[in-house]
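What follows is one structure encoded as structure tokens, with my remarks underneath.
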Amino acid sequence: YIYYSTTSGGPYILIDSISDFLTTTYYHNGANADLNSCYYYISSISGCPNNVSDTLETIFLTLNNTVQGTTNLNWNNTHNPLVTTSTGMYYLYRENKLSGSLQLIDSVFQLSFFTDSFTVCNDTIDYQIVMLDSSGCVSSSNVAALNPDGLQPGIIIIDSVSVVNISGFGIIGWQQGNASDIMGYIIYVANDFGGWDSINFVYGATNTYYMDMVSIVDTNAVVYNIVAVDSCGNKGVFGEGHITMYLWATLDTCMGEAIL
């Protein structure tokens, strides 16, 4: 006898019975196990005392975007603690966009979470979790779909702007963006019309330094801004502009003072 419930505490419904004791698999149509976890146990009746199995929960996988280019995978155990025949090894599968099939990307032992990185744009990515059992059974999760595109890289924080006295060039430093698939940074300077003009592109997420050899920063103040660009071509939003310090002085010969 096969019993089913949508919650661990029940109530459990008898959904079917199997008379052939050699049958060890059953397909439950309409369980909606792709939408939430399902709970099952089996009871056997024979000339001996009735046997009742452990209650097992189907593996339900959820995905959560953390920052652009990464996603958190979370799932449940089939039983707490795992049954004695369980290997405790979870195999993680991700869709191969070229072949369209699920491909093994990693495995974790007795864990129920994993963080994956991806570089797919304008498409969904399918994931599935599989756990083997020494009895020969296989527990497979639902196939969860992730739509990774659409998240802009976060605001880039400029932490320093300086002027090289000898050359008069401007130097900008900033904190690395938090998105994992940042391809580079666009350097902007403020124009006279209230907007921003791009002056260069810095390749590489870890490159957080730029020397401006175009703008004239030794004779007037210049306002800079930086925007990150990810592997999908998404541009981040503008943060607060940072202005170079322009120092000028006048000499008061009568007082013998310099006014800064």
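By convention here, the first residue in the shown sequence is residue 1.
- Here the side chain of S198 pairs no donor or acceptor atom with the backbone of I186 at under 3.5 angstrom.
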side-chain contact (heavy atoms from CB on, under 4.5 Å) between F113 and N72, worked out: CA-CA 7 Å; F113 59 89; N72 280 341; over 6 Å; no
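- Put simply, the side chain of N142 gets close to the backbone of L61: a donor and an acceptor are under 3.5 Å apart.
- N200 and Y210 share a side-chain donor-acceptor pair at under 3.5 Å.
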Test log, rule side-chain contact (heavy atoms from CB on, under 4.5 Å), inputs L73 and Y127: CA-CA 9 Å; L73 288 75; Y127 289 90; 3.6 Å; yes
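- Within a 6.0 Å radius of CZ in F201, more than 12 heavy atoms belonging to other residues, nucleotides or ligands are found.
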Q176/T208 under side chain to side chain donor-acceptor pair (under 3.5 Å): CA gap, chis, key distance, verdict: CA-CA 6 Å; Q176 182 177 335; T208 58; over 6 Å; no
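- A heavy-atom distance below 4.5 Å is found between the side chains of P153 and N234.
- With values rounded to the nearest 0.5 angstrom, Y93 atom OH is found 11.0 Å from S141 atom OG.
- Hydrophobic clustering (side-chain heavy atoms under 4.5 Å, transitive across Ile, Leu, Val, Met, Phe, Trp, Tyr) groups L104 together with F109.
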Step-by-step side-chain contact (heavy atoms from CB on, under 4.5 Å) determination, V229 to I182: CA-CA 6 Å; V229 180; I182 287 177; over 6 Å; no
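- In this structure, V227 is not a member of the same hydrophobic cluster as V189, with clusters built from ILVMFWY side-chain heavy atoms closer than 4.5 Å.
- A donor-acceptor distance shorter than 3.5 angstrom exists from the side chain of T71 to the backbone of N64, with no hydrogens or angles considered.
- For N76 against S37, the heavy-atom pair with the smallest separation is OD1-OG, 3.4 Å.
- The two residues E95 and T124 come nearest to each other via the heavy atoms OE1-O, 3.8 Å.
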Derivation of the side-chain contact (heavy atoms from CB on, under 4.5 Å) call for Q128 and S140: CA-CA 7 Å; Q128 189 177 34; S140 301; 3.8 Å; yes
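- Looking only at side-chain heavy atoms (C-beta outward), V202 and I187 come within less than 4.5 Å of each other.
- Rounded to the nearest 0.5 angstrom, Y1 OH and S53 OG are separated by 15.0 Å.
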From CA spacing to verdict: salt bridge (charged side-chain N to carboxylate O under 4.0 Å, His left out), D126, R94: CA-CA 6 Å; D126 289 339; R94 181 180 63 200; over 6 Å; no
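- Once rounded to the nearest 0.5 Å, the distance linking CD1 of I59 with SG of C38 reads 12.5 Å.
- For the atom pair CG of N74 and CG of L63, the computed distance is 8.5 Å after rounding to the nearest 0.5 Å.
- The CZ atom of F114 lies 9.0 Å from the OG atom of S107; values are rounded to the nearest 0.5 Å.
- In terms of heavy-atom proximity, W174 sits nearest to N207 at CZ2-O, 3.2 Å.
- Think of V214 as one node in a network of Ile, Leu, Val, Met, Phe, Trp and Tyr side chains linked at under 4.5 Å; it has no links at all.
- Shortest non-hydrogen contact noted between F60 and N36 is CE1-N, 3.4 Å.
- Heavy atoms only, all atoms of each residue included: S43 and V52 are closest at OG-CG2, 4.1 Å.
- Between atom CD1 of residue I243 and atom CG of residue N225 there is a gap of 12.5 Å, rounded to the nearest 0.5 Å.
- A 4.5 Å side-chain heavy-atom check between I172 and I226 finds at least one atom pair inside the cut-off.
- Looking at N96, its side chain never comes within 3.5 Å of a backbone N or O of G100 through a donor-acceptor pair.
- Hydrophobic clustering keeps I199 apart from F193 (ILVMFWY residues linked when any side-chain heavy atoms are closer than 4.5 Å, directly or through intermediates).
- Hydrophobic clustering of Ile, Leu, Val, Met, Phe, Trp and Tyr side chains at less than 4.5 Å, counting indirect connections, keeps Y188 apart from I158.
- Linking Ile, Leu, Val, Met, Phe, Trp and Tyr whenever their side-chain heavy atoms come within less than 4.5 Å puts V164 and M213 in one cluster.
- Using modelled atom types, one side-chain atom of D212 and one backbone atom of S215 make a donor-acceptor pair closer than 3.5 Å.
- Heavy atoms only, all atoms of each residue included: A31 and Y40 are closest at CB-OH, 3.5 Å.
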Please set out all donor-acceptor pairs under 3.5 angstrom arising from side-chain atoms of residues 4-20, sequence neighbours excluded.
| from | atom 1 | to | atom 2 | distance (Å) |
| --- | --- | --- | --- | --- |
| S5 | OG | T7 | N | 3.2 |
| S5 | OG | T7 | O | 2.9 |
| S5 | OG | P11 | O | 3.1 |
| T7 | OG1 | G10 | N | 3.4 |
| T7 | OG1 | G10 | O | 2.8 |
| Y12 | OH | S8 | O | 2.9 |
| D16 | OD2 | Y26 | OH | 3.0 |
| D20 | OD1 | L22 | N | 3.0 |

Side-chain donor-acceptor pairs under 3.5 Å in residues 78-92, sequence neighbours left out?
| from | atom 1 | to | atom 2 | distance (Å) |
| --- | --- | --- | --- | --- |
| H79 | ND1 | P81 | O | 2.4 |
| N80 | OD1 | N77 | ND2 | 3.0 |
| T85 | OG1 | D133 | OD1 | 2.9 |
| T85 | OG1 | D133 | OD2 | 2.9 |
| S86 | OG | G88 | N | 3.2 |
| T87 | OG1 | M89 | N | 3.4 |
| T87 | OG1 | L132 | O | 2.8 |
| Y90 | OH | N77 | OD1 | 2.6 |

